[in-house]
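Below: the structure, in C-alpha cells.
These values consider heavy atoms only, across backbone and side chains, with no hydrogens, waters or symmetry-generated copies. Read the numbers this way: they start at 1 and go in the same order the structure lists the ligands and their atoms.
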Amino acid sequence: MNFGGLWAVKDVDFFIGTGEVVGLIGPNGSGKTTFLNIISGLYRATDGVVTLQGEDITGLRPFEIFKKGVARTYQSSRLCWDLSVADNILMGLHTKQKASFLDVLFRPKKANDEIYGYLQECMDVLSCFNPALFNRRYDLARDIPHIDRRRVEISRALVGRPALLLLDEPTAGLNDEETAQMMGDIRKIKEKIKDICIIIIEHDMKVMERVTERVVVFNAGRKIAEGAYRDVIRDKNVIGAYLGGGLHG
Ligand SMILES: Nc1ncnc2c1ncn2[C@@H]1O[C@H](COP(=O)(O)OP(=O)(O)OP(=O)(O)O)[C@@H](O)[C@H]1O
Ligand SMILES: [Mg+2]
C-alpha cells in the first residue's frame with residue numbers, strides 16, 4: 001500500500017489458518033491498521049493479492065468482503081451512541097436482510113419475523129459472549145462502560161458468523177483488570193467458535209502471550225519477524241525496532 005510515495009505496507013507475506021489466532025505487533029505507524037484496512041477492503045492495495053479460503057477477494061468493496069466472511073472492529077470505537085446495545089449489534093446483520101421495502105409495507109409480518117429472527121441471533125451471541133451485558137441489551141451505547149462498548153463492537157462483528165475476525169487494538173483505553181477480562185472474552189470466542197480465525201493487533205504484550213498462537217511483527221511497513229511470542233520477543237530485529245519504543249514482555 002503506497003500513500004503518495006510512502007510504502008505503508010510492503011512485501012508482506014501473511015497467512016492465517018482456520019482456528020488460528022495470530023497477533024500483529026509493531027511500533028506506532030508500522031502499517032498494522034493499514035494491513036487490516038487492505039484485507040477488509042477499506043483500502044485498495046497498490047499491489048498484491050488477498051485470498052480468502054482460496055478465493056481472490058482483492059479489490060472487492062468492504063461490504064462484499066464482509067459478506068464473504070471477514071468482519072472487523074476498529075482502533076477507535078465506532079458505535080451509534082443513541083442506539084441500544086441490541087440495535088448496534090443488529091447492524092452487523094443488515095447485509096443479510098432479505099425483506100424488501102415492499103415487504104415492509106405490504107407483508108409486514110414477513111419482514112417482522114425476519115427481524116425478530118436476527119434479533120434472536122444477536123442475543124444468542126451477546127449472551128454466550130458476555131451474559132452480564134445481555135442484561136443491559138436495551139441500554140444506549142452511550143450509557144455503558146468503555147469495556148462493554150468494545151464487547152458490543154466485537155459482538156456486532158461476530159453476529160454475521162465470520163470466517164475471519166480482525167480486531168484492531170481491542171484493549172485500547174482499558175485498565176489492567178479490564179484488559180484481563182477482555183483477554184478472557186477473546187479466549188471464549190476461540191473456544192466457542194472453533195473454526196473462526198482471528199488477527200489481533202495489540203500493544204499489550206500480555207495479551208499477545210496469552211491469546212495468540214503466533215505473532216507477526218511489522219516495522220516500517222515490512223514483516224520483520226514471525227513465530228511464537230516467546231521467540232519473537234527475543235529476536236534482535238524486533239528488539240531493535242522497539243528500542244526506545246517500549247516492548248513490555
Ligand atoms: N489514509 C492514509 N493516507 C496517508 N497515509 C496513511 C493513511 N493511512 C495510514 N497512513 C500512513 O501509513 C503508515 C502506517 O499507518 P498505520 O495506521 O497503518 O500504522 P499502525 O501500525 O496501525 O500504527 P498505530 O500503532 O499507531 O495504530 C503511517 O505512516 C501513516 O501515517
Ligand atoms: Mg493502528
Side-chain angles (χ1 to χ4, degrees), residues 1-16 21-50 57-63 65-66 70-79 146-147 149-151 153-154 156-157 162 164-176 178-179 182-183 186 197-212 214-227 229 232-233 235 237-249:
M1 181 82 233
N2 190 298
F3 294 114
L6 172 91
W7 285 99
V9 174
K10 183 146 170 69
D11 295 336
V12 169
D13 181 10
F14 186 103
F15 171 84
I16 183 165
V21 180
V22 176
L24 186 53
I25 64 172
N28 292 120
S30 56
K32 304 179 299 295
T33 297
T34 302
F35 184 66
L36 295 198
N37 287 344
I38 293 168
I39 298 174
S40 58
L42 224 57
Y43 291 163
R44 187 179 285 244
T46 317
D47 197 7
V49 178
V50 184
I57 58 165
T58 321
L60 294 185
R61 286 183 288 173
F63 75 91
I65 292 177
F66 175 72
V70 180
R72 67 172 296 176
T73 64
Y74 292 87
Q75 197 163 345
S76 49
S77 261
R78 294 197 179 185
L79 289 176
H146 182 61
I147 184 171
R149 292 177 187 165
R150 290 267 170 202
R151 287 173 167 141
E153 292 188 290
I154 297 174
R156 181 175 62 188
L164 171 63
L165 175 66
L166 310 172
L167 300 175
D168 196 347
E169 298 197 32
T171 68
L174 302 185
N175 62 31
D176 285 354
E178 292 169 331
T179 298
M182 183 55 79
M183 278 192 279
I186 293 168
C197 45
I198 304 175
I199 302 177
I200 173 170
I201 298 179
E202 241 329 318
H203 282 294
D204 191 314
M205 292 299 152
K206 285 195 292 297
V207 177
M208 281 296 153
E209 188 178 12
R210 304 225 178 107
V211 307
T212 67
R214 184 157 56 89
V215 173
V216 170
V217 189
F218 277 14
N219 188 34
R222 292 179 184 261
K223 183 169 86 174
I224 59 162
E226 176 167 15
Y229 168 84
V232 153
I233 55 160
D235 184 296
N237 288 332
V238 176
I239 294 168
Y242 274 97
L243 267 186
L247 177 67
H248 306 292

Suppose we measure from atom 25 (O) of ligand 1 to each protein heavy atom; which comes out shortest, and what is that distance? Lys32 NZ, 2.8 Å
Do NZ/NE/NH1/NH2 and the carboxylate oxygens of Glu153 and Arg78 come within less than 4.0 Å? no
Looking only at heavy atoms, what is the nearest atom pair of Ile16 and Arg214, with distance? CA-NH2, 3.9 Å
Min over Phe35, Phe218, Trp7, Phe3 of heavy-atom distance to atom 9 (C) of ligand 1 lands on Phe3
Arg72 CZ to Leu166 CG distance, which is reported to the nearest 0.5 Å: 6.5 Å
Test item: Thr179 and Lys206 side chains (from C-beta on) under 4.5 Å apart, heavy atoms: no
Smallest separation among heavy atoms of Met183 and Val211, with atom names: O-CG1, 3.9 Å
Only heavy atoms of Glu169, strictly under 4.0 Å: list the atoms of ligand 1 that pass. 25 (O), 27 (O)
Which of the numbered atoms in ligand 1 are below 4.0 angstrom from a heavy atom of His203? 25 (O)
Sub-4.0 Å protein heavy atom next to atom 30 (C) of ligand 1: no
If every non-hydrogen atom of Gly31 is compared with every non-hydrogen atom of Val9, which pair is closest and at what distance? O-CG2, 3.4 Å
Test your reading of the structure: does Gly31 have an N or O sitting under 3.5 Å from an N or O of ligand 1? yes
Numbering the atoms of ligand 1 from 1, which are under 4.0 Å from a heavy atom of Tyr43? 1 (N), 2 (C), 7 (C), 8 (N)
Should you measure from each heavy atom of Leu6, which atoms of ligand 1 turn up under 4.0 Å away? 29 (O)
Atom indices of ligand 1 within 4.0 angstrom of Thr34 heavy atoms, with elements: 9 (C), 14 (C), 15 (O), 16 (P), 18 (O)
of all protein heavy atoms, closest to atom 17 (O) of ligand 1 is Thr33 CB, 3.8 Å
Determine whether any heavy atom of Met1 lies closer than 4.0 Å to an atom of ligand 1. no
Within this structure, what is the CD-CZ distance for the pair Glu226 and Phe218, rounded to the nearest 0.5 Å? 9.5 Å
Hey, is there an N, O or S on Thr33 sitting under 2.8 Å from the Mg ion (ligand 2)? yes
For Tyr43 and Phe3, I'd like to know if the aromatic rings sit close, meaning centre-to-centre distance below 6.0 Å. yes
For Ala8, atoms of ligand 1 separated by under 4.0 Å from a heavy atom: 12 (O), 13 (C)
Can you see which heavy atom on Ile39 is nearest to which on Ile57, and at what distance? O-CD1, 4.2 Å
Taking all atoms of both residues into account, what is the closest heavy-atom pair of Ala225 and Asp235, and its distance? CB-OD2, 3.9 Å
Please report the shortest heavy-atom distance between Thr33 and Ile201, naming the atom on each side. N-CD1, 3.9 Å
Measuring from non-hydrogen atoms of Asp168 to any atom of ligand 1, is the shortest distance under 4.0 Å? no
Nearest 0.5 angstrom please: Lys32 NZ to Asn37 CG, how far? 12.0 Å
I need the nearest protein heavy-atom contact for atom 14 (C) of ligand 1: residue, atom name and distance, please. Gly29 O, 3.4 Å
Has Thr34 got an N/O/S atom less than 2.8 Å from the Mg ion (ligand 2)? no
Is there a protein heavy atom less than 4.0 Å away from atom 20 (P) of ligand 1? yes
For atom 24 (P) of ligand 1, find the nearest protein heavy atom and state the residue, atom name and distance (0.1 Å precision). Asn28 ND2, 3.6 Å
What protein heavy atom sits nearest atom 27 (O) of ligand 1, and how far off is it? Gln75 NE2, 2.7 Å
